[in-house]
Amino acid sequence: APAKVEESLLLLWPQIAAHYKNRSNYIVYEILNEPQFGNKEWEHIQKKALEAIRKVDKKHTVVVTGADWSGLNAMCELQPLNDKNIIYTFHFYEPFIFTHQGANWGDPALQLLSNIPFPYNKDKMPEIPTDSKISSLRGQLANYPKTGNEATLKKRLEMAAAFSEKAGAPVWCGEMGVHDVAVQNEERNNWYKSARKILNELHIPFCVWGYDDTFGIFMPGSKKKFPYDLNKEVLTALGMNLPEGV
């Protein structure tokens, strides 16, 4: 509940800030990862938490976000905060039916999706189950010919760049990625190439979620030993340097 979140944050952050206020500039505070309620409640809480931190520590950068699981739309709808030492962050998993196909959390219908290509290609699209459990995703599936392409990713991510300019503060894509259990590796790499290209063009730094889980940089089903099990194609798609000998 928002009231409990507010109570916890206003207790924790003054203590954390007091502990680290004289420590390295490389320490960055993030008030809360993926708030799970609306901006109306969250903006009030976030502002109070930031004020509580600044009473103790004006030195360190603070990462702030929008509600709705740090969604892009929610970030772009925020009222810019009056603080010159903040970074706005958002998480990017679009289109969701592509990046989360086969996921066994959230909407149960996602588990029924597999082999959806990116970009959208009518000839590569799998047969979609007719099971009634898929009904919650029918709208997203119907829109996929329009949303499943690089141009739409660019249009969406340009919103983040525009918000950065409006807010007078940098933005950071704190999470992005594609769940690897039900997607073809080539299609997953296509998404990574497009997302990385656009984010770089917009000068938005990003982090991939995660390192060694199903959104990570190791081969699916491997023991995830570095560097032996690295997914070289994913690393290349992300523009990363491969370790010597890989």
Side-chain angles (χ1 to χ4, degrees), residues 1-94 96 99-100 103-108 110 156-157 159-177 179 199 204-216:
K4 286 291 186 182
V5 171
E6 179 177 349
E7 181 183 5
S8 297
L9 293 179
L10 295 181
L11 283 171
L12 285 170
W13 275 114
Q15 297 179 66
I16 297 169
H19 184 77
Y20 288 105
K21 66 180 181 178
N22 296 318
R23 300 284 294 274
S24 165
N25 284 329
Y26 291 107
I27 293 172
V28 175
Y29 305 147
E30 182 172 6
I31 292 176
L32 183 66
N33 178 62
E34 296 193 339
Q36 297 171 25
F37 38 87
N39 268 355
K40 183 178 179 181
E41 300 92 349
W42 172 239
E43 282 196 274
H44 164 77
I45 295 169
Q46 181 162 254
K47 186 177 181 181
K48 290 186 73 172
L50 180 61
E51 289 170 352
I53 291 169
R54 291 300 184 224
K55 285 179 181 176
V56 180
D57 181 354
K58 294 180 172 61
K59 168 183 172 179
H60 286 99
T61 301
V62 179
V63 174
V64 295
T65 191
D68 191 27
W69 302 78
S70 295
L72 173 58
N73 287 350
M75 183 191 74
C76 293
E77 292 165 3
L78 292 173
Q79 289 298 314
L81 290 156
N82 185 24
D83 193 300
K84 300 299 183 184
N85 193 17
I86 57 176
I87 298 170
Y88 291 87
T89 191
F90 66 97
H91 295 175
F92 193 70
Y93 297 102
E94 298 182 18
F96 200 71
T99 65
H100 280 66
N104 62 358
W105 67 93
D107 191 328
L110 291 167
R156 293 286 293 153
L157 290 167
M159 291 172 54
F163 175 79
S164 177
E165 186 173 349
K166 170 187 171 183
V171 297
W172 164 46
C173 180
E175 287 186 20
M176 58 168 261
H179 188 41
L199 287 162
I204 298 174
F206 64 87
C207 288
V208 174
W209 179 267
Y211 174 68
D212 61 355
D213 68 353
T214 57
F215 285 80

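Computed from heavy atoms alone, side chains included, the values below leave out hydrogens, waters and symmetry copies.
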Checklist outcome for this item: The single option from Leu10, Leu9, Ile53 that satisfies side chain to side chain contact (heavy atoms under 4.5 Å, CB included) with Lys48 is Leu10

Spatial distance of atom [atom1] ([X]) from atom [atom2] ([Y]) [nearest 0.5 Å]:
X	Y	atom1	atom2	result
Lys4	Ile45	NZ	CD1	13.0 Å
Lys84	Thr61	NZ	OG1	14.0 Å
Met75	Tyr88	CE	OH	9.5 Å
Ile204	Phe92	CD1	CZ	9.5 Å
Arg54	Trp13	CZ	CH2	10.5 Å
Ile16	Leu11	CD1	CG	11.0 Å

In residues 163-174, what donor-acceptor pairs under 3.5 Å come from side-chain atoms, sequence neighbours left out?
| residue | atom | partner | partner atom | Å |
| --- | --- | --- | --- | --- |
| Ser164 | OG | Ala169 | O | 2.6 |

Within the side chain of [X], is there an N or O that forms a donor-acceptor pair under 3.5 Å with the backbone of [Y]?
X	Y	answer
Thr89	Thr65	no
Glu43	Leu78	no
Asn85	His60	yes

Checklist entry - Taking atom NZ of Lys47 as the centre, does the number of heavy atoms from other residues, nucleotides or ligands within less than 6.0 Å exceed 12? => result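 12 or below, so no.
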
Next on the checklist: Around atom CG of Asn82, are there more than 12 heavy atoms from other residues, nucleotides or ligands closer than 6.0 Å?
Outcome noted: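 Counting other residues, nucleotides and ligands, CG of Asn82 stays at 12 neighbours or fewer.
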
Checklist entry - Under a 4.5 Å cut-off applied to non-hydrogen side-chain atoms, are Gln15 and Val56 in contact? => result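 In short, these two side chains do not touch, never coming nearer than 4.5 Å.
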
Item to check | Close side-chain approach of His44 to Glu6, heavy-atom, < 4.5 Å | outcome: yes

Result block: side-chain N/O donor-acceptor pairs under 3.5 angstrom for residues 25-38, not counting sequence neighbours:
| residue | atom | partner | partner atom | Å |
| --- | --- | --- | --- | --- |
| Tyr29 | OH | Asp57 | OD2 | 2.6 |
| Glu34 | OE2 | His91 | ND1 | 2.7 |

Checklist entry - Which heavy atom of Ala74 sits nearest a heavy atom of Asn39, and at what distance? => result O-ND2, 2.8 Å

Next on the checklist: Give me the atom names and distance for the closest heavy-atom approach of Ala160 to Leu72.
Outcome noted: CB-CD1, 3.8 Å

Checklist entry - Any chance the rings of Phe96 and His179 have centres within less than 6.0 Å? => result no

Checklist entry - Given the rule in the side-chain contact (heavy atoms from CB on, under 4.5 Å) test, do Gln46 and Leu81 qualify, once you have shown the distances and angles that lead to the verdict? => result CA-CA 10 Å; Gln46 181 162 254; Leu81 290 156; 4.2 Å; yes

Item to check | From Trp209, Trp69, Phe215, residue fulfilling ring pair (Phe, Tyr, Trp, His ring centres under 6.0 Å) relative to Tyr93 | outcome: Phe215

Checklist entry - Could you go step by step and tell me if Val64 and Trp42 meet the side-chain contact (heavy atoms from CB on, under 4.5 Å) rule? => result CA-CA 11 Å; Val64 295; Trp42 172 239; over 6 Å; no

